[in-house]
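I have placed the structure first, in the form of structure tokens, so that the comments after it can refer back to it.
Each chain gets a letter, A, B and so on, in the order the sequences are listed, and its residues count up from 1.
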Protein chains: 2
Amino acid sequence: MAPESDRKPIQFNLDPKSGVPYYKQIILQVEFAIADGRFATGDQLPTVRSLAVDLKINPNTVARAYNELEIRGIVNTQQGTGTFISDKQIKLTEVEREGMLDTLVRPLISKAASYGFAMAEVLDAVRDAYKGIVQNEEEQHDIL
Amino acid sequence: MAPESDRKPIQFNLDPKSGVPYYKQIILQVEFAIADGRFATGDQLPTVRSLAVDLKINPNTVARAYNELEIRGIVNTQQGTGTFISDKQIKLTEVEREGMLDTLVRPLISKAASYGFAMAEVLDAVRDAYKGIVQNEEEQHDIL
DNA sequence: TACATTGTACTATAAGACTAATACAATAGG
DNA sequence: CCTATTGTATTAGTCTTATAGTACAATGTA
């Protein structure tokens with residue numbers, strides 16, 4: 001067989017000492033890989049079993065991560081076939097998008113403000129973080 | 001001038017169904033009250049016991065919340081006296097501040113990006129959230 | 001000192017989170 | 001159809017979290 005041996009298969013790795021549960025580490029790595037372009041629409045994720053073997057954990061743990069990703073609409077999964085990055089990168093209404101953003105941003109702001117961070121500082125930090133992500137992108141000019 | 005007794009004592013309330021643990025709800029409410037000016041430097045928080053009675057929970061749960069707040073440097077606590085909003089609103093070095101912000105911002109960005117939110121959208125959301133907070137402020141050190 | 005007020009320590013327990021073992025079910029392809 | 005491959009379901013074990021009960025210790029003040 002000529003599998004995807006020529007495509008860099010994306011390196012997952014787990015840090016058992018981090019305190020962050022395995023399934024969450026997987027979710028984060030997938031999210032991040034999408035964000036910086038290492039995963040694109042339609043790409044197949046490693047199979048539940050292969051990734052489980054690779055990471056030396058139980059398949060169920062991988063499955064759980066994939067499941068949450070599917071619930072969030074980030075991946076599509078089909079039994080017998082595999083799990084793939086969602087074609088229609090999240091289908092939310094504008095209202096839902098706003099709400100989602102608010103949900104993500106609000107706790108951050110609450111904490112940042114009580115720590116005395118000025119709005120400008122937070123804005124800069126956000127810009128910096130995005131800069132780090134966009135470095136790998138090529139034809140994703142306007143995410144807007 | 002208004003002594004503490006007729007200053008609105010800040011209304012705490014808990015939502016048992018939210019899934020968010022009590023002690024975290026208390027922490028968040030204190031953080032938020034600081035952020036929007038309802039708590040200012042030097043203010044005394046309700047005593048462990050009084051708040052426990054008020055919320056109908058165990059004093060230890062309140063104590064835990066106050067403890068975490070103290071660890072973060074947000075309040076000062078003295079046995080026999082009470083718990084107070086920290087005078088020196090967090091004493092972090094610049095390096096620590098940067099690291100802290102990064103820690104707060106990074107997960108947000110990772111998620112926002114994988115949901116397809118553009119940087120500009122996130123920036124707007126941050127501005128909006130800060131606007132909501134600043135409404136109550138008056139002569140508070142300018143958040144720039 | 002005496003005492004009321006404040007936070008703290010220790011312990012117990014119930015609930016939930018996390019992972020794994022194992023067996024099941026759907027799909028693709030010969 | 002078979003069968004290998006994929007994800008799924010069920011169950012259980014272990015650990016951590018969250019809260020409470022109860023007793024202790026420090027502080028301020030008369």
In whole angstroms, how far is the C1' atom of C/dT8 from the CD1 atom of B/I71? 13 Å
Nearest-Å distance, CD (B/Q44) to P (D/dT27)? 16 Å
Please confirm whether the shortest side-chain N or O distance from A/T83 to OP1 or OP2 of D/dG7 is below 4.0 Å. yes
Gap between atoms CG and C1', on A/N67 and D/dT6 respectively (whole Å): 14 Å
Among residues at least two apart in sequence or on other chains, which ones pass side-chain hydrogen bond (donor to acceptor under 3.5 Å, both in side chains) with A/T61? none
Separation of D/dT6 atom P from A/L51 atom CG, nearest Å, is 12 Å
As a check of understanding: the bend across the helix from C/dT1-D/dA30 to C/dG30-D/dC1, end axes from five pairs, rounded to 10 degrees, works out to 20°
So, are A/R38 and A/D36 salt-bridged, with charged N and O less than 4.0 Å apart? yes
Go through the structure and list residues passing side-chain hydrogen bond (donor to acceptor under 3.5 Å, both in side chains) with B/T47, not counting sequence neighbours. B/S50
At under 4.0 Å between heavy atoms, which parts of nucleotides 17-27 of chain C does protein reach? Answer with one letter per nucleotide, 5' to 3': B base, S sugar-phosphate only, - none. -SBBBB--BBS
Among residues two or more places apart or on two chains, list those pairs meeting salt bridge (charged side-chain N to carboxylate O under 4.0 Å, His left out) that have a residue in residues 101-119 of chain A. A/D102-A/R106
Roughly how many Å is it from CG in B/L28 to C1' in D/dA18, rounded to a whole number? 15 Å
What residue pairs, at least two apart or across chains, pass salt bridge (charged side-chain N to carboxylate O under 4.0 Å, His left out) with a residue in residues 22-31 of chain B? B/E31-B/R72
Donor-acceptor contact present, side-chain B/E68 to main-chain B/A65, <3.5 Å: no
Main chain of B/A40, side chain of B/D43: is a donor-acceptor contact present, judged purely on distance under 3.5 Å? yes
Between A/T83 and A/Q44, do the side chains contain a donor N or O and an acceptor N or O under 3.5 Å apart? no
